[in-house]
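Please read all numbers here as calculations on a predicted model, not as lab measurements. A, B, ... follow the sequence lines: proteins, then strands. Residue 1 opens every chain.
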2 protein chains.
Amino acid sequence: MEFTHRVVMIGFGVVARTLLPLLLKHLKLSPAQFVVIDLADRRDVLEPWIAKGLTFVHERITPFSLARLLSTHARAGDLIIDLAWSVDCFDIVQWARDNEVLYVNASLESWNPGDEMERKTPLEKSLYARYARLLPLQQRWRHSTTALIDQGANPGLISTFVKTGLLDIATATLRENKFARPAARHLERLLEREDFAPLARALGVRAIHCSECDTQRANVAKAPDEFVSTWSVEAMWEESISPCELGWGTHETWTPPAATRPTTGPGNQIILPQMGLNSWVRSWVPQQEIVGMLVTHGESFSLSHTLSVVARGRVVYRPTVNYAYMPCGDTLVSLHELRARNYELHPRTRVPTHELVAGTDTVGALIMGHPFKSWWTGSMLSIAEARKHVPGANATTVQVSAGVLASVLWTLRNPRQGIRLPEDLPHSEILATAAPYLGELVSIRSDWTPLSRYRNYFSEETAADVDHQDPWQFRNFLFRP
Amino acid sequence: MEFTHRVVMIGFGVVARTLLPLLLKHLKLSPAQFVVIDLADRRDVLEPWIAKGLTFVHERITPFSLARLLSTHARAGDLIIDLAWSVDCFDIVQWARDNEVLYVNASLESWNPGDEMERKTPLEKSLYARYARLLPLQQRWRHSTTALIDQGANPGLISTFVKTGLLDIATATLRENKFARPAARHLERLLEREDFAPLARALGVRAIHCSECDTQRANVAKAPDEFVSTWSVEAMWEESISPCELGWGTHETWTPPAATRPTTGPGNQIILPQMGLNSWVRSWVPQQEIVGMLVTHGESFSLSHTLSVVARGRVVYRPTVNYAYMPCGDTLVSLHELRARNYELHPRTRVPTHELVAGTDTVGALIMGHPFKSWWTGSMLSIAEARKHVPGANATTVQVSAGVLASVLWTLRNPRQGIRLPEDLPHSEILATAAPYLGELVSIRSDWTPLSRYRNYFSEETAADVDHQDPWQFRNFLFRP
């Protein structure tokens, strides 16, 4: 594919740095077509590209500078790749639409998300509120210039993994005659039509995790005043201290007592008055149980929304969807130090790349409740393979960049699609672009349930917390001290 | 001091390895006077000492082998240094008394502590039950051969730090005229007499933490199947998964709902049906707030027991005493992996020594509630200084060994004292022996309270959990997600 317009990259952190060489290769672009805007001075890392004509603008995009900065550097037909962590999505999407500039990002951000954390209610702090605002825009702007939101790895590729997983589960269900004839016929039709919400319902899917376990590690000691993350430090920090949110399934019989159930918008989520980094759930990646953080993420909203089945105006089916993130060791320690710092970010930060000596980022969809109990579909990318694709990157940034790359290619081919979320995209096409960068692509069954390895050491305290009748109740996933 | 009898060391883990050269130096012993018994084959690390005459016995001490093994190697007047993590203290203390063999250890262990974890009640699993059994023995065996229990760093030196801290607080209180004349007179008398329980009461001490923050770190990546601890891996694992226990102050107005309050024994503790590694409290070490694990430890029992004031058969004063342990980063990660492993220990273990490149183990007594609010007395030992004392050791093992060394010297000078706990020892003498190995010895005031840096991000959920009237309530220390 050839693209003759300009590409404006906003934010040049570690993901953008990984993405740039992939874009140059896939789009046959010249560095002179690129403008990079960043609030930090990135001239050192950009130096080889600047020498070849790339324009670097060292300026912060704020509500006041946004229109001026973008008008200076982007014209109709150009593409904005927004990987910054503090540019409000609504303001920039509005500008891009008005100016017919293509737009992609890897998460739905807002201005200064950490502001007034103590004053706002969980709903005001929630991602839910932002998506509830996005949906009507999506309806209104159907054939505007394309703005593709949330297409990184997770959110992003995870939706592709969910679709692939559902198709694989359905295929195996039919092949192994798990369903009696009428139910099998119905399933066959849904499989042919790739009608994912009724398909998930027909399969009996109850819960979906984006389950991630990052074992990347370095032979360099993390200092106590240093926050280490394998992707954006600021974005990791911000989402970790945000309230815990999850897509809330129609099968749930127990709701956490302090949960907020929004009364405006689609009502597909609950919001808990506790930070993601303090919210833990049991989950599974091949081949181990993990205890991951239930951090708020776009896919919990968009997947649970897309997989809802509505009949006569009422939601009759929705799976529970949440993130279960076991970050790398140095991040786990950084997050604990953050608790002792009352959640103020460390003075120093580091994204490990060259210093990593081993480990894999395993990220995928754990789909549960169907005839095989659990099924995991996703990417297992080792640091060794990741740096073969992009020297100086790590597995996490390559996975995210692969998602953004797929997003860019699709957007350029489909420039008048209005606002799109990952669930709206053709999953095979997206996966075909990303797959070469994702290491081992796995889609396998597992008989894991949150109770299969559960041992109760304090029955006097916690017996009431477990539902042995239905293993897929959220209460069974919740890790309690 | 010269000692002509034999020394039998049980367990030759990393603390024993650090202790051995200190003993040889301080006691002018010959290696030929040493017998080392360990269930693991330690011939490789013992090789230089074996060459000089040390006897190594590769055998596990069990209820069945105990008498045979000890009778073979120890006679009246000899000394047993028990640093094993699974030899029952009562059985070995009984044997030592019957055979007039001196005995010291650094913690009160039992046979196979992890057995039947799911069946036992918190009280049955508790350290409390063991101490409640020890106290009557202590009364009965007043002038038997000395058995000094729990004299490592914590438990052990921490009691010395508490006494030193209380004396320093009292001295500063008087010097700075914090008390009116009659109260000051009373305090003066208690200070002179070193009458610690009424002294703590007169000062208004409400809570005492053994607060520890270990920042030792290595330029070697921890593998996911490896449990890393700066001291005994097995002992760390065992205490971390044991129920949370703490000495319970008379000022507490709120008790955790699930707490067990024992009805037999001195009743100075509460036991919570949750593991220490899942129980977090705010605490402070110079000069930072920490969020530490409330792991069960002997000093919580013995300090809160010793500092109780009884009037007319009723406890009228007792401070809350608990551990707040922020272990090193690699241990934090190991502990989190343990959750995902359902608390089964990792297949591989490592105690970092040579590979450590930086960091300090800061361990001491945080004494709170008096006119200066907080006061911290303890040891800050860097890895650099630790390995000057004992090459191949780390800061933690040197601190523990310094406590055991002091214990050995005192025991040899006082061979007919029956069962003793750290609070029974002359603190100046103990500290004088240990001090050269403890790095920076600190005794400083701080205006820290658990509420001084507390920010409430979710007022709708947690407002009721904080007592603003009395900052020293346990509920204010509790870290809640």
message: Just by distance, no angles: are the side chains of B:Trp376 and B:Ser211 close enough, under 3.5 Å, to form a donor-acceptor pair?
response: yes

task: Taking the side chain as every heavy atom from C-beta outward, state whether A:Phe474 and A:Asn322 have any pair of such atoms under 4.5 Å apart.
output: yes

- prompt: Between A:Asn278, A:Asn219, A:Thr215, which has the largest tally of heavy atom pairs under 4.5 Å with chain B?
  reply: A:Asn219

field: Among A:Glu289, A:Arg282, A:His336, residue most engaged with chain B (heavy-atom pairs, under 4.5 Å)
entry: A:His336

query: Taking B:Asn394 for the side chain and B:Thr353 for the main chain, is one N or O donor matched with an acceptor at less than 3.5 Å?
result: no

query: What distance do A:Ile271 atom CD1 and A:Tyr128 atom OH have between them, rounded to the nearest 0.5 Å?
result: 7.5 Å

- request: Tabulate, in ascending numerical order, the residues of residues 341-352 of chain A having at least one heavy atom closer than 4.5 Å to a heavy atom of chain B, or enter 'none'.
  value: A:Arg341, A:Asn342, A:Tyr343, A:Glu344

query: Which residues in residues 234-245 of chain B have any heavy atom lying under 4.5 Å from a heavy atom of chain A?
result: B:Pro243

message: For the residue pair B:Lys125 and A:Tyr457, would you count it as a cation-pi contact if the rule is NZ or CZ under 6.0 angstrom from the ring centre and within 45 degrees of the ring axis?
response: no

task: Answer with yes or no whether the side chains of A:Ser446 and A:Ser374 bring together a donor and an acceptor at under 3.5 Å.
output: no

task: Could you walk me through whether B:His209 and B:Phe477 pass the ring pair (Phe, Tyr, Trp, His ring centres under 6.0 Å) test, one step at a time?
output: CA-CA 10 Å; B:His209 289 179; B:Phe477 292 98; 4.8 Å; yes

query: Which one, B:Val291, B:Ile290, B:Val220, leads in non-hydrogen pairs under 4.5 Å with chain A?
result: B:Val291

query: How about A:Gln216 and A:Thr396: does a side-chain donor come under 3.5 Å of a side-chain acceptor?
result: yes

Side-chain donor or acceptor of B:Asn476 paired with backbone N/O of B:Pro471 under 3.5 Å: yes

- request: Kindly say whether A:Thr255 contributes a backbone atom to a donor-acceptor pair with the side chain of A:Arg475 at under 3.5 angstrom?
  value: no

task: Using a 4.5 Å cut-off on heavy atoms from C-beta on, say whether the side chain of A:Leu366 contacts that of A:Trp448.
output: yes

